[in-house]
> 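My questions all concern the structure below.
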Amino acid sequence: MEKPRAPFVPPGTGWPDDPAAPGTPVAHTAGEVLDLAEKASGLGELCARQSVCRACDRLVAWREKVAVERRRAFADEEYWGRPIAGWGDDEPRILIVGLAPAAHGGNRTGRIFTGDRSGDWLFASLYRVGLASQPTSVRAGDGQRLIDTRMAATVRCAPPDNKPTPGERATCLPWLAREVSEVAPSVRCVVCLGGFAWQGVWPALKQARYTVPRPRPAFGHGVEIELGAPDGRTVAMLGCYHPSQQNTFTGRVTEEMLDAVFTRARALAR
C-alpha cells in the first residue's frame with residue numbers, strides 16, 4: 001500500500017536548511033503575523049517563523065493540496081508544502097525580491113527560486129556574474145550558496161495561478177518588512193524581479209524606514225532609482241524582468257539582459 005502523502009514537512013524533522021523547530025510559534029491571523037514578525041529575536045528566528053505561517057487560509061489550502069497531489073514528474077518526491085523563508089547571506093550587499101514561490105518549485109524544494117525554470121535562469125545568471133557558487137539550484141542542501149546576496153519574496157506561499165490577492169499580500173507584508181529592516185545595514189542594492197515585486201517591496205521599504213521617491217517610479221527592465229537607507233546612505237534599486245517561461249520563451253528576457261542587471265547590481269554593491 002502506498003504511503004499517504006504528507007501535506008507539508010513538519011518543522012525540525014531533518015529537512016535540509018529548515019529554519020524552524022517543533023516549537024517555533026505559528027501565525028494564524030494577520031495580527032499574529034505582525035506580532036511575531038516584530039518580536040522575532042533576529043533574522044534566524046524571523047525566517048523560522050516565516051516558514052511555519054498559516055495566516056492565509058486560501059494559500060495554506062493550495063500549497064498543501066499541491067504537496068499532496070504533486071506533479072507527475074515529481075510524484076515520488078516529498079514536497080516542502082510550507083512558506084518559503086528568505087535565504088542567502090545574512091549580511092547581504094544585494095537583496096533580490098520576487099513575487100511568490102512556484103507551486104512545484106519552491107513549494108516542492110523548500111528554497112526560493114529553486115526547482116523551476118525561472119530559478120534555472122536566475123541562478124545561472126547569478127553564477128556567471130559571481131553572485132552564486134553553482135550554476136544550478138535543484139533542492140535545499142544541494143551545496144548552492146549565494147555570495148553577498150539574499151533572496152526574499154513579497155508573498156511566502158505559492159498562490160493559485162501565481163496570483164496572490166491584495167489581502168494576502170498585506171497579511172504577508174510584515175515578514176518582508178522586518179527582513180528588509182534586518183538586512184538594511186549591509187544592503188547596497190535591491191533588485192526587483194518583475195513589476196509585482198517592484199510594487200510589493202515599496203511598503204516594506206517604507207516600514208523599514210527607507211526614504212523612497214514620490215511618486216513611485218514606473219517599473220522597467222534596467223530601471224535604476226535611488227533609495228535613502230535608514231542610516232542615511234544611498235541605496236540603489238534596479239528593475240529586472242522576471243525570468244518566467246513566458247518571458248524567456250518569447251525573448252523578452254535573455255541571458256544577456258539578466259547578466260547586465262546583476263553585473264550592475266554587483267558594481268553598485270561594491
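When reading the values below, keep in mind they use all heavy atoms of this one structure, side chains included, and skip hydrogens, waters and symmetry mates.
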> Does Ser186 reach the main-chain N or O of Val183 with its side chain, forming a donor-acceptor pair under 3.5 Å?
yes

> State, with a plain yes or no, whether a side-chain heavy atom of Val138 is found less than 4.5 Å away from one of Thr109.
no

> Treating Arg5 as the side-chain partner and Glu69 as the backbone partner, does any N or O pair qualify as donor plus acceptor under 3.5 Å?
yes

> So if you build clusters from Ile, Leu, Val, Met, Phe, Trp, Tyr with side-chain heavy-atom gaps below 4.5 Å, do Leu176 and Leu46 land together?
yes

> Evaluate the side-chain contact (heavy atoms from CB on, under 4.5 Å) criterion for residues Arg150 and Asp90: first the C-alpha distance (whole Å), next the side-chain angles of each, then the deciding distance (0.1 Å), finally the verdict.
CA-CA 7 Å; Arg150 186 173 186 84; Asp90 286 350; 3.5 Å; yes

> Backbone N or O of Pro11 within a donor-acceptor pair of the Thr13 side chain at under 3.5 Å?
no

> Can you give me the closest heavy-atom contact between Arg70 and Glu78, atom names plus distance?
NH2-CA, 3.9 Å

> Hey, does Phe262 have a side-chain heavy atom less than 4.5 Å from the side chain of Leu122?
yes

> Indicate yes or no: at least one non-hydrogen side-chain atom of Cys192 is less than 4.5 angstrom from one of Ile96.
no

> Would a hydrophobic clustering, with Ile, Leu, Val, Met, Phe, Trp and Tyr connected at side-chain separations under 4.5 Å, put Val52 with Ile84?
no

> Against the six-membered ring of Phe249, is Arg117 placed for a cation-pi contact (under 6.0 Å from the centre, within 45° of the normal)?
no

> Can you confirm whether more than 12 heavy atoms, excluding those of Arg139, are under 6.0 Å from its CZ atom?
no

> Enter the distance from Thr248:OG1 to Glu255:CD here, rounded to the nearest 0.5 Å.
10.0 Å

> Give a yes or no on whether Glu77 atom CD has more than 12 heavy-atom contacts from other residues, nucleotides or ligands under 6.0 Å away.
yes

> Would one find more than 12 heavy atoms of other residues, nucleotides or ligands at under 6.0 Å from atom OH of Tyr210?
yes

> Treating Thr24 as the side-chain partner and Arg49 as the backbone partner, does any N or O pair qualify as donor plus acceptor under 3.5 Å?
no

> May I ask you to decide if Gly115's main-chain N or O and Arg108's side chain share a donor-acceptor pair within less than 3.5 Å?
yes

> From Leu131 CG over to Ile94 CD1, what is the distance, rounded to the nearest 0.5 angstrom?
4.5 Å

> Determine whether Arg216 and Gln199 make a side-chain contact, defined as any pair of heavy atoms from C-beta on separated by less than 4.5 Å.
yes

> Which pairs would a plain distance check flag for residues 55-63, meaning a side-chain donor or acceptor within less than 3.5 Å of a matching protein atom at least two apart in sequence or in another chain?
from  : atom 1 : to     : atom 2 : distance (Å)
Arg58 : NE     : Glu168 : OE2    : 2.8
Arg58 : NH2    : Lys163 : O      : 3.1
Arg58 : NH2    : Glu168 : OE1    : 2.9
Arg63 : NE     : Gly81  : O      : 3.1
Arg63 : NH1    : Cys53  : O      : 3.1
Arg63 : NH2    : Cys53  : O      : 3.2

> Of the non-hydrogen atoms in Ser137 and Thr114, which two are nearest, and what is the gap between them?
OG-OG1, 2.7 Å

> Just verifying a value: how many Å separate Thr149 OG1 and Ile147 CD1, rounded to the nearest 0.5 Å?
7.5 Å

> Taking Ala269's backbone N and O only, do any of them form a donor-acceptor pair with Arg93's side chain (distance below 3.5 Å, no angle check)?
yes

> Phe113 and Leu126: side-chain contact (heavy atoms from CB on, under 4.5 Å), yes or no, with the steps?
CA-CA 12 Å; Phe113 284 115; Leu126 294 174; over 6 Å; no

> Under 3.5 Å, is there a donor-acceptor pair between the side chain of Arg111 and the main chain of Trp87?
no

> Quick check: are there more than 12 heavy atoms from other residues, nucleotides or ligands sitting under 6.0 Å from CD of Gln134?
yes

> Any side-chain to backbone donor/acceptor pair from Thr154 onto Leu99? Under 3.5 Å, distance only.
yes

> Look at atom CD of Gln245 and say whether more than 12 heavy atoms of other residues, nucleotides or ligands are closer to it than 6.0 Å.
yes

> A side-chain contact here means heavy atoms from C-beta on lying under 4.5 Å apart; do Asn247 and Ser118 qualify?
no

> Flag yes if Leu43 and Val201 sit in one hydrophobic cluster, no otherwise; membership is Ile, Leu, Val, Met, Phe, Trp, Tyr, and two members link when side-chain heavy atoms are under 4.5 Å apart.
yes

> Hey, is the main chain of Ser51 close enough, under 3.5 Å, to the side chain of Arg82 for a donor-acceptor pair?
yes

> Taking all heavy atoms of His28 and all of Val26, pick out the closest pair and write down the distance.
ND1-O, 3.4 Å

> Establish whether Val187 and Leu227 are linked, either directly or via other cluster members, by ILVMFWY side-chain heavy-atom contacts under 4.5 Å.
yes

> Closest approach of Ala85 and Pro19, non-hydrogen atoms and distance?
CB-CG, 4.3 Å

> Would you check, one step at a time, whether the test side-chain contact (heavy atoms from CB on, under 4.5 Å) holds for Val212 with Met237?
CA-CA 10 Å; Val212 299; Met237 188 162 91; over 6 Å; no

> Restricting to non-hydrogen atoms, name the atom on Pro243 and the atom on Trp121 that form the minimum distance, rounded to 0.1 Å.
CB-CB, 3.8 Å

> With a cut-off of 6.0 Å (strictly less than), are more than 12 heavy atoms of other residues, nucleotides or ligands near CZ of Phe219?
yes

> Using the six-membered ring wherever Trp is involved, compare the ring planes of His104 and Tyr79 and label them parallel, tilted or perpendicular (cut-offs 30° and 60°).
perpendicular

> Do Gln144 and Thr136 come within less than 4.5 Å of each other through their side chains, counting heavy atoms only?
no

> Tell me, with the steps shown, if Phe123 and Leu146 meet side-chain contact (heavy atoms from CB on, under 4.5 Å).
CA-CA 9 Å; Phe123 276 98; Leu146 294 178; 3.8 Å; yes

> Between CD of Glu182 and CD of Glu45, what distance do you get to the nearest 0.5 Å?
11.0 Å

> Within a strict 4.5 Å, meaning less than it, do heavy atoms of the Glu64 and Val68 side chains meet?
no

> Hydrophobic clustering (ILVMFWY, side-chain heavy atoms < 4.5 Å, transitive) - are Val235 and Leu205 grouped together?
yes

> In Å and rounded to the nearest 0.5 Å, what is the OG to CG distance from Ser125 to Asp120?
12.5 Å

> Heavy-atom count around Arg209 CZ within 6.0 Å, excluding the residue itself: above 12?
no

> Does a side-chain heavy-atom distance below 4.5 Å link Met257 with Val261?
no

> Distance check, rounded to the nearest 0.5 Å: Leu193 atom CG versus Leu238 atom CG?
10.5 Å

> If every non-hydrogen atom of Gln207 is compared with every non-hydrogen atom of Ala177, which pair is closest and at what distance?
OE1-CB, 3.5 Å

> Within a reach of under 6.0 Å around CG of Asp231, are more than 12 heavy atoms found that belong to other residues, nucleotides or ligands?
yes

